[in-house]
Amino acid sequence: MSIFEDITAIQNIIYIVASILFISGIKMLGKEDTAVKGNFLSAFAMFIAVLATIIFIVDPVILLGGILLGAIIGSTIALKVKMTSIPEMVALFNGFGGLATFLIAWSEYNSIPDNYFQYLLVMVTIYIGGVTFTGSLIAYGKLSEKLKVAKTSIVTKIFTTIFYGSILFLIFSILLPFLPALGFNFFTVLLAITLLGGIGFVLPIGGGDMPVVISLLNSFSGIAAAFAGLLLLNNVLIVAGSLVGASGLILTVIMAKAMNRSINNILFVGYASASKGSSSEEQGEVSPINVADAFLILESASSVLIIPGYGMAVAQAQHVVRELGELLEENGTEVKYGIHPVAGRMPGHMNVLLAEANVPYDVLAEPDDVNPIMDSVDVAVVIGANDVVNPSATEEPGSPIYGMPIIEVHNAKTVFVLKRSMSSGFAGVQNPLFFKQNTRMLFGDAKESIGGLVSEFKD
Amino acid sequence: MEIYTLLGFVLILSIYLGLELISKVPSTLHTPLMSGANAISGIALVGALVLSTDSNLQSAIAFLAVLFASINVFGGYLVTNRMLKMFKKK
């Protein structure tokens with residue numbers, strides 16, 4: 001055996017070790033006690049895999065320079081970003097991973113594929129990587145609220161059409177070797193239409209469905225890496241990519257289940273067309289309440305459940321919410337937080353916000369934990385959440401959100417709903433909760449209202 | 001073609017393993033898991049490092065692939081770590 005073959009063998013052994021570390025790492029990442037270690041383990045796996053690859057590096061100066069520059073940019077963004085901007089950061093990093101696989105496949109195409117299977121892999125990897133890249137950029141724009149395009153606007157319709165066109169063009173490109181030669185450079189067209197198609201994939205999807213899209217894009221970036229691994233015959237890429245693909249898929253399914261909708265409905269239909277024939281036009285008397293009266297009720301409550309939603313994130317109210325929770329506890333009230341899996345704009349969004357405000361995670365409860373004991377809750381405080389507490393989901397079979405698992409706050413003794421106005425939630429469905437006997441509406445900015453309650457407690 | 005059959009087998013097994021390992025994740029960890037998995041998808045860096053640099057175009061592609069993959073790797077792991085450190089018990 002030559003020295004060259006020895007090195008290849010050692011490299012492959014290191015790749016296998018790295019694969020095992022990735023597997024243990026992602027397993028530990030799924031458990032609260034071991035998550036930090038799990039992340040560290042997977043970072044270590046990445047380190048040894050990259051180290052083993054650098055041995056064979058073709059052009060060290062350029063490529064090591066790339067790593068160094070990437071390390072500086074990535075670390076700066078990661079350490080400087082505010083914790084409230086995490087959703088869009090995750091989307092952005094995810095997009096960069098997709099772009100890297102897109103470029104890998106492009107480069108491999110230029111090196112002229114040897115056989116049809118390689119050609120097929122190049123096409124598919126380009127497509128998934130490219131759609132992940134631009135799709136994630138659009139998700140980034142939507143999550144950071146820099147990009148506001150209505151679902152019904154002409155721009156959205158054009159890009160949606162390009163997205164469907166891009167799928168057709170991908171199929172055409174895959175079949176191309178069997179067709180007569182063409183007079184134009186199809187590959188450049190494929191690169192361009194893939195990137196535009198990714199925009200069209202995410203653009204029509206509304207804010208409340210972002211948790212599903214972002215999990216799905218996460219899954220795509222993994223699958224793209226796994227395909228790139230097949231293309232480069234590299235086992236660690238295949239294993240690590242597949243793990244990411246699987247974890248993204250699991251999150252996607254969890255999110256879709258939490259909305260009681262199919263992934264297909266979320267991606268390609270949306271609520272607008274599902275809400276035909278909705279009978280939820282019922283109106284009634286709403287009972288508003290002011291901060292002073294709300295304080296008196298909270299002061300005498302023995303158990304309080306706080307249900308945060310996207311409105312809390314928008315108002316940046318998580319710190320005053322934590323303060324209110326602490327004051328209530330000092331007052332002898334039991335405080336819990338009811339977290340719905342799709343509250344917010346990404347999986348676990350509320351958990352991250354509350355953790356940032358130093359709310360310990362053992363007071364955070366899931367719908368299944370709080371619903372059975374809801375009638376013993378004195379006050380349920382809904383902060384900027386709407387669809388996830390809409391009783392139509394359990395009471396009104398004709399409603400578009402019927403069947404969606406909700407936090408059943410309407411069964412609590414008293415419900416406070418903190419809201420800016422009477423507008424309906426993302427699903428566009430009127431919320432009968434607001435008209436219930438036991439509901440009091442506390443209108444205004446969530447941060448100001450909670451702040452008002454906090455100062456009442458302090459006085 | 002044999003190599004593809006073998007690697008395809010590795011791919012299927014890894015996806016299955018991933019689905020089994022992560023099926024019951026507490027909702028507290030949804031974001032960190034997503035972000036941590038996202039960092040792992042930066043493994044594309046290993047692929048980017050072995051790309052050919054024969055021509056100027058190929059060098060540019062390889063450089064950009066390495067650059068963006070490593071932003072994904074470093075950014076992803078650091079953000080995940082920062083996030084996990086915030087989760088505290090009482």
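The structure displayed is predicted, hence computed values, not measured ones. So that the names make sense, note that chain A is the first sequence line, chain B the second, and so on, each numbered from 1.
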With a 3.5 Å distance limit and no angle check, can you tell me whether [X] reaches the backbone of [Y] through a side-chain donor-acceptor pair?
X	Y	result
B:Tyr4	A:Leu233	no
A:Arg345	A:Glu88	no
A:Ser219	A:Gly245	yes
B:Asn81	A:Val36	no
A:Ser242	B:Ser14	no

Interface moiety of [X] toward chain A, non-hydrogen atoms closer than 4.5 Å:
X	answer
B:Leu11	both
B:Leu7	both
B:Val10	both
B:Ala39	backbone
B:Leu57	side chain

Identify which of [options] forms the greatest number of heavy-atom pairs closer than 4.5 Å to chain A.
options	answer
B:Gly8, B:Gly42, B:Pro26	B:Pro26
B:Val73, B:Ile43, B:Leu64	B:Ile43
B:Glu20, B:Lys24, B:His30	B:His30
B:Leu6, B:Val25, B:Leu13	B:Val25
B:Asn72, B:Leu19, B:Asn38	B:Asn38
B:Leu33, B:Val46, B:Ile15	B:Val46

What's the spacing between A:Thr101 OG1 and A:Ile126 CD1 if we round to 0.5 Å?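 Reported value, rounded in 0.5 Å steps: 9.5 Å.
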
Between the side chains of A:Glu32 and B:Thr28, does any donor sit under 3.5 Å from an acceptor?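 Looking only at side-chain atoms, B:Thr28 and A:Glu32 do form a donor-acceptor pair, the distance falling under 3.5 Å.
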
Top residue by heavy-atom pair count (under 4.5 Å) with chain B, among A:Asn94, A:Asn235, A:Ile73?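 Most pairs with chain B among the choices: A:Asn94.
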
Do A:Phe133 and A:Phe102 come within less than 4.5 Å of each other through their side chains, counting heavy atoms only?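 In short, these two side chains do not touch, never coming nearer than 4.5 Å.
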
